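One structure is given below, encoded as structure tokens.
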Amino acid sequence: MADLIRITLLDGREVEYPKGTMAWEVLKDWGKVPFGDILAARVDGRLVDLSSPLMEDTSLEPLTFEDLEGKEIYWHSSAHILAQAVQQLFPKAKLGIGPAIREGFYYDFDVPEPFSEEDLGRIEERMREIIRQDLPFIREEVPRSEAIRLMSERKERYKVELLEEDIEEETVSLYRQGEFVDLCRGPHVPSTGYIKAVKLLSVAGAYWKGEERKPMLQRVYGISFPSQEELEEFLRRREEIERRDHRRLGRQLDLFSIQEEGGPGLVYWHPKGARIRTIIEDFWRREHYRRGYELVYTPHIAKVELWERSGHMAWFKESMFPPIEVEDQGYLLKPMNCPFHILMYKSKTRSYRDLPIRWAELGTVYRYERSGVLQGMLRVRGFTQDDAHIFCRPDQLEDEILGVLDLAEFMLTTFGYTDYEVELSVRDPEAKERYIGDDAVWEQAEEALIRALEQKGWSYSRREGEAKFYGPAIDIKMLDALGRGWQGPTIQVDFNEPERFDVTYIGEDGQEHRVVMVHRTVLGSMERFVGGLIEHYGGAFPAWLAPIQVVVIPITDAQASYAHKIGRRLLEEDFRVEVDDRNERVGYKIREAELQKVPYMLVVGEREVTEGTVSVRKRGEGDIGRMSPEEFVDRLQEEVEARV
RNA sequence: GCCAACGUAGCUCAAUCGGCAGAGCAGCGCAUUCGUAAUGCGCAGGUUGUCGGUUCGAGUCCGACCGUUGGCUCCA
């Protein structure tokens, strides 16, 4: 009689089974979750295969596609099927790595010839065949030396490299399905048949281990789901993302362009895009003055020596445009604004009473970005940061950080970003020598950031060792309407530049003290922020941001002068209005205004002229009835002021 | 920068095997004066990204360059 073990299930129930019973047997008996949905299990917090035997008293949880870990397992298994299919079709293909990612999976291969689009179709077909065969995933544990021998035999040089250089465990696990075998920690779904709907999405080059000096492998991206419907839903979502693409909308709505003749990564703001930008900037300026900032302007270029002193030449050189020579002096386009603000600070002696000093600037900077990374407005070579530098005493740091967090929250919610993730980057306590500035100063600063976050009541993830060499930082990632993350506000403490420029204030004691310097940006850059905003709103900007808020549409020429009168009236109220008096039908003008995503259309015909009213049509909703011009003005004014 | 794909009218896209560069929309002109998502007719619009090569003949094949897209890496 075998020993019994006690298993605690998800609903708190405790059951007894003979030692060595497999996870799936228990879960099948339990029956709370449809057995076919269960992909793997969590035992005492560890993820395991359903076939794994239970050897002691433990908790047991089923994992399905609904769980994050379940998805990962599902996609990881899909990656193995991808690899098997590729090796069947391309026997020379060597395996790189094949993990699950946020959405889907990929696998890297070293192949003599890069894959073509047609290859993708063939691979996908072969994957379906493997799925039809319903091959079990079989786990096997072997000593590392044994795994090295096996992988050498199979000429899997990358796997051998992983085993020799990256894996420390002396026992490793292998997973087999059919003739295919892969080095893998697991777990996996029980068999290939669990993967119901699969699609390969793209191929791209990717460096082995992400290192530029290493060989470039071919990365195949794919996605899979337990049902065809879910796959289709995923593809629909991709189309939605495509429809919202700021580059596409930027053209359709005539907001911005990038000119080949002018150079890559340099943005041209067309009148409507510029209108949105000025609205944001005006709002931004007012809000900064209200919160005790002063606004400044600084030059676009400065002597090479300044950038040497600031340290940029040492650690940022590869991101800067090369110098411009004039009168035997080299000048550099600024990649950042901070040295300029420091020079201004140092233009006179500062007292502790002057602090904190908060200087903000919409500063246009230029950075040399490698051609392959440029992307619409999101990744460019010239951009305007909503930059600010706070110079303060150490005892003021916490309040200053809190002030920035408040400002960031206010700005983000105003632009409709209500969800965000906060990250705190701190030193690696194991490698303190990597960082500039002494221990006490670091500790004090990290403490101040933490206390500010706590006061704000924000939860955050602490990222050990992620801080830059010159100070700890808070990064806020904002989630857009589609749940995608965007780089938002960043708050960076800097121990480096105040040191290099000897930035001080005179304290109460009459002595010089080192100033604490904080770099911060709330929107990031106008380019990236507006690019993101276009996608967030899908081009349908709320009335306060819309470049054109109202189009007045006369039905025939007979109402043209009345329409213009309404137009002038709205212009007097500072609304952004156009009168569409072209010789076209109402339907045509409405269609055009809808496509241009104008929030309001005022249709005026004979009836409205007689009554002195306007027929209001709201974007996306349709006719909302007739009202007096005054009533409409009030309505729109309210909407604009509420910024909704 | 690296890997791959792509580049035809302002935009979206055709053009069979290498054989006269085409359509819709936008623009312009004329007609129409119309009630909530496209009125009709006409006109104009091109060094097929650039440069070079192969060929009797190149949008199409080859090479280099420029740019774009998806990735790698990096970042506001």
Side-chain angles (χ1 to χ4, degrees), chain A residues 106 108 111 113-117 119-120 201-221 245 247-248 251-252 254 257-265 316 318-319 335-337 363-365 367-387 475 486-490 492 519-529 531-532 553-560 581-596 601-608 615-626:
Chain A
Y106 69 75
D108 287 342
V111 276
E113 290 290 313
F115 295 122
S116 65
E117 292 294 320
D119 291 337
L120 236 54
L201 301 168
S202 62
V203 219
Y207 298 107
W208 169 238
K209 290 185 179 171
E211 287 172 36
E212 246 166 85
R213 314 183 72 95
K214 305 243 157 142
M216 179 161 282
L217 310 181
Q218 291 296 308
R219 178 169 296 178
V220 179
Y221 285 91
D245 190 301
R247 290 165 297 196
R248 178 192 174 109
R251 161 154 286 148
Q252 280 168 1
D254 198 14
S257 65
I258 290 168
Q259 301 291 332
E260 186 171 343
E261 273 191 86
F316 209 68
E318 70 284 4
S319 296
M336 292 188 190
N337 304 298
T364 304
V365 299
R367 295 184 188 172
Y368 168 70
E369 297 282 0
R370 305 201 293 177
S371 55
V373 306
L374 300 175
Q375 204 210 359
M377 288 183 118
L378 303 182
R379 192 71 189 274
V380 294
R381 286 180 173 164
F383 56 97
T384 300
Q385 288 182 303
D386 75 309
D387 206 2
D475 289 284
W486 297 77
Q487 179 58 55
T490 64
Q492 174 75 54
H519 310 248
R520 51 109 277 198
T521 164
V522 174
L523 306 179
S525 75
M526 298 313 296
E527 285 75 10
R528 185 174 283 181
F529 188 75
I553 300 174
I555 288 172
T556 73
D557 288 350
Q559 293 90 41
D581 60 2
R582 289 176 302 173
N583 180 8
E584 288 292 349
R585 296 171 185 221
V586 215
Y588 180 86
K589 296 181 191 180
I590 284 173
R591 177 181 156 81
E592 190 137 300
E594 288 279 354
L595 289 174
Q596 286 297 306
M601 287 143 265
L602 301 183
V603 179
V604 295
E606 213 179 299
R607 216 155 47 212
E608 287 77 9
S615 268
V616 182
R617 183 187 164 99
K618 198 169 178 186
R619 170 185 68 198
E621 286 179 28
D623 196 347
I624 57 173
R626 268 175 287 167

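Not measured: the values here are computed from a predicted model. Quick note on labels: first sequence line is chain A, next is B, and so on, each numbered from 1.
Atom CZ in A:F115 sits roughly 13 Å away from atom P in B:A5 (whole-Å rounding). In this structure, A:E113 places its CD atom 13 Å from P of B:C3, rounding to the nearest Å. Note: CZ (A:R370) to P (B:A76) measures 15 Å, nearest angstrom. Residue A:D581 contributes atom CG, which lies 17 Å from atom P of B:U33 at whole-angstrom precision. What separates CD of A:Q218 from C1' of B:C2 is a distance of 11 Å, to the nearest Å. The CZ atom of A:R213 sits 15 Å away from the P atom of B:C2 (whole-angstrom rounding). One interatomic measurement links the two molecules: CZ of A:R381 to C1' of B:G1, which rounds to 10 Å at whole-angstrom precision. Atom CG of A:D557 and atom P of B:U33 are 10 Å apart (whole Å).
Of the charged side-chain nitrogens involved, none lies within less than 4.0 Å of a carboxylate oxygen, so that A:R617 and A:D623 do not count as a salt-bridged pair.
Counting only distance, with no hydrogens or angles, the side chain of A:K618 and the backbone of A:M601 share no donor-acceptor pair below 3.5 Å. Within the 3.5 Å criterion, the main-chain N or O of A:L523 finds a donor-acceptor partner in the side chain of A:D386.
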Return one dot-bracket line describing RNA chain B 5' to 3' (Watson-Crick or G-U wobble pairs, both distances under 3.5 Å; ( ) same strand, [ ] crossing, | another strand, . none).
(((((((..((((.....[..)))).(((((.......))))).....(((((..]....))))))))))))....
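Using modelled atom types and a 3.5 Å distance limit, the side chains of A:S615 and A:E608 yield a donor-acceptor pair. A donor atom on one side chain and an acceptor atom on the other are found under 3.5 Å apart for A:T384 and A:T364.
For the P atoms, the distance linking B:U60 with B:A15 amounts to 15 Å, nearest Å. Rounded to the nearest Å, the gap between the C1' atom of B:A58 and that of B:G49 is 16 Å. As rounded to the nearest Å, B:G19 and B:C61 have P atoms that lie 11 Å from one another. B:U8 and B:G46 have their P atoms separated by 15 Å, given to the nearest Å. Taking atom P on both nucleotides, B:G10 is separated from B:U50 by 12 Å, rounded to a whole Å. The gap from the C1' atom of B:G67 to that of B:A31 amounts to 44 Å, rounded to the nearest Å. The same atom, P, is picked in B:G40 and in B:G35; the two are 16 Å apart, to the nearest Å. Of the C1' atoms belonging to B:C62 and B:A21, the separation is 22 Å, rounded to the nearest Å.
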Please tabulate the protein-to-nucleotide N/O contacts below 3.5 Å involving nucleotides 68-71 of chain B, giving atom names and distances.
| unit_1 | atom_1 | unit_2 | atom_2 | d |
| --- | --- | --- | --- | --- |
| B:U69 | OP1 | A:R247 | NH1 | 3.1 |
| B:G70 | OP1 | A:R247 | NH1 | 3.3 |
| B:G70 | OP1 | A:R247 | NH2 | 2.6 |
| B:G70 | OP2 | A:R247 | NH1 | 3.2 |
| B:G71 | O3' | A:Y221 | OH | 2.9 |
| B:G71 | O2' | A:Y221 | OH | 3.3 |
| B:G71 | O6 | A:G372 | O | 3.4 |
| B:G71 | N2 | A:G205 | O | 3.4 |
| B:G71 | N3 | A:G205 | O | 3.3 |

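Within the nucleic acid shown, A:V365 has no heavy atom closer than 4.0 Å to any nucleic acid atom. The residue A:Y368 sits close only to the backbone: its heavy atoms come under 4.0 Å of sugar-phosphate atoms, none of a base.
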Could you walk me through whether A:E318 and A:R370 pass the side chain to side chain contact (heavy atoms under 4.5 Å, CB included) check?
CA-CA 10 Å; A:E318 70 284 4; A:R370 305 201 293 177; over 6 Å; no
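Within 6.0 Å of atom CD in A:Q252, more than 12 heavy atoms from other residues, nucleotides or ligands are found, so the atom counts as buried in its surroundings. Atom CD of A:E211 has more than 12 neighbouring heavy atoms from other residues, nucleotides or ligands inside a 6.0 Å radius.
In this structure, the side-chain contact (heavy atoms from CB on, under 4.5 Å) partners of A:Q492, at least two apart in sequence or on a different chain, are A:K468, A:Y470, A:A473, A:H519. Residues satisfying the salt bridge (Lys or Arg N to Asp or Glu O under 4.0 Å) criterion with A:R626, sequence neighbours excluded, are A:E611. Evaluation of the side-chain contact (heavy atoms from CB on, under 4.5 Å) rule for A:F316 yields A:H312, A:S319, A:M320, A:P335, A:M336, A:R367 as partners, not counting sequence neighbours.
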How would nucleotides 34-50 of chain B be written as a contact map, 5' to 3', with B for base contact, S for sugar-phosphate-only contact and - for no contact, using protein heavy atoms under 4.0 Å?
BBBBBB-----------
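When the nearest nucleotides of RNA chain B are assigned to A:L217 and A:M336 by heavy-atom distance, the more 5′-ward of the two goes with A:L217.
With A:I553 as the partner, the side chain to side chain contact (heavy atoms under 4.5 Å, CB included) test is satisfied by one option alone out of A:L602, A:D581, A:V586: A:V586.
By the 4.5 Å heavy-atom criterion applied to side chains, A:V220 and A:F115 are counted as neighbours.
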